[in-house]
Amino acid sequence: MRIQVDSEKCQGHNRCYALAPELFDVDDYGNAMVIGDGSVPPELEERARLAAANCPEFAITISD
Ligand code: SF4
């Protein structure tokens, strides 16, 4: 699994970071980015889905 953040859509609510700080980081403006290349280890896949489902801007996409 791999995750991506669309920086055009992200409005910096930080929900993804609050839900999965192992997968997301935020810059000084609160906008999110994935950590590393966005690869999600199996044990964090559920958390990645939770973060994507809770992003109010639908800025997080998940691919296999
Ligand atoms: S939850 Fe969505 S809008 Fe909020 S910081 Fe994360 S990616 Fe951006």
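Read the numbers this way: they start at 1 and go in the same order the structure lists the ligands and their atoms. All figures in this text were calculated on a predicted structure; none of them were measured in a lab.
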Nearest 0.5 angstrom please: Leu50 CG to Arg15 CZ, how far?
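If I round to the nearest 0.5 Å, the distance is 11.0 Å.
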Set of side chain to side chain contact (heavy atoms under 4.5 Å, CB included) partners for Gln4, sequence neighbours left out
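Only Thr61 meet the side chain to side chain contact (heavy atoms under 4.5 Å, CB included) criterion with Gln4.
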Tell me, yes or no, whether the heavy-atom count around Glu8 atom CD, taken from other residues, nucleotides or ligands under 6.0 Å, exceeds 12.
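At most 12 heavy atoms, drawn from other residues, nucleotides or ligands, come within 6.0 Å of this atom.
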With sequence neighbours left out, what residues match Glu57 under salt bridge (charged side-chain N to carboxylate O under 4.0 Å, His left out)?
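For Glu57 there are no salt bridge (charged side-chain N to carboxylate O under 4.0 Å, His left out) partners, ignoring immediate neighbours.
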Residues forming a salt bridge (charged side-chain N to carboxylate O under 4.0 Å, His left out) with Asp37, sequence neighbours excluded
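Partners of Asp37 by the salt bridge (charged side-chain N to carboxylate O under 4.0 Å, His left out) criterion, ordered by chain and then number, come out as Arg2.
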What number of protein N, O or S atoms occur at distances under 2.8 Å from atom 8 (Fe) of ligand 1?
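N, O or S atoms of the protein closer than 2.8 Å: 1.
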Which atom names give the shortest non-hydrogen contact between Gly30 and Asn14, and what distance separates them?
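Looks like O-OD1, 2.9 Å.
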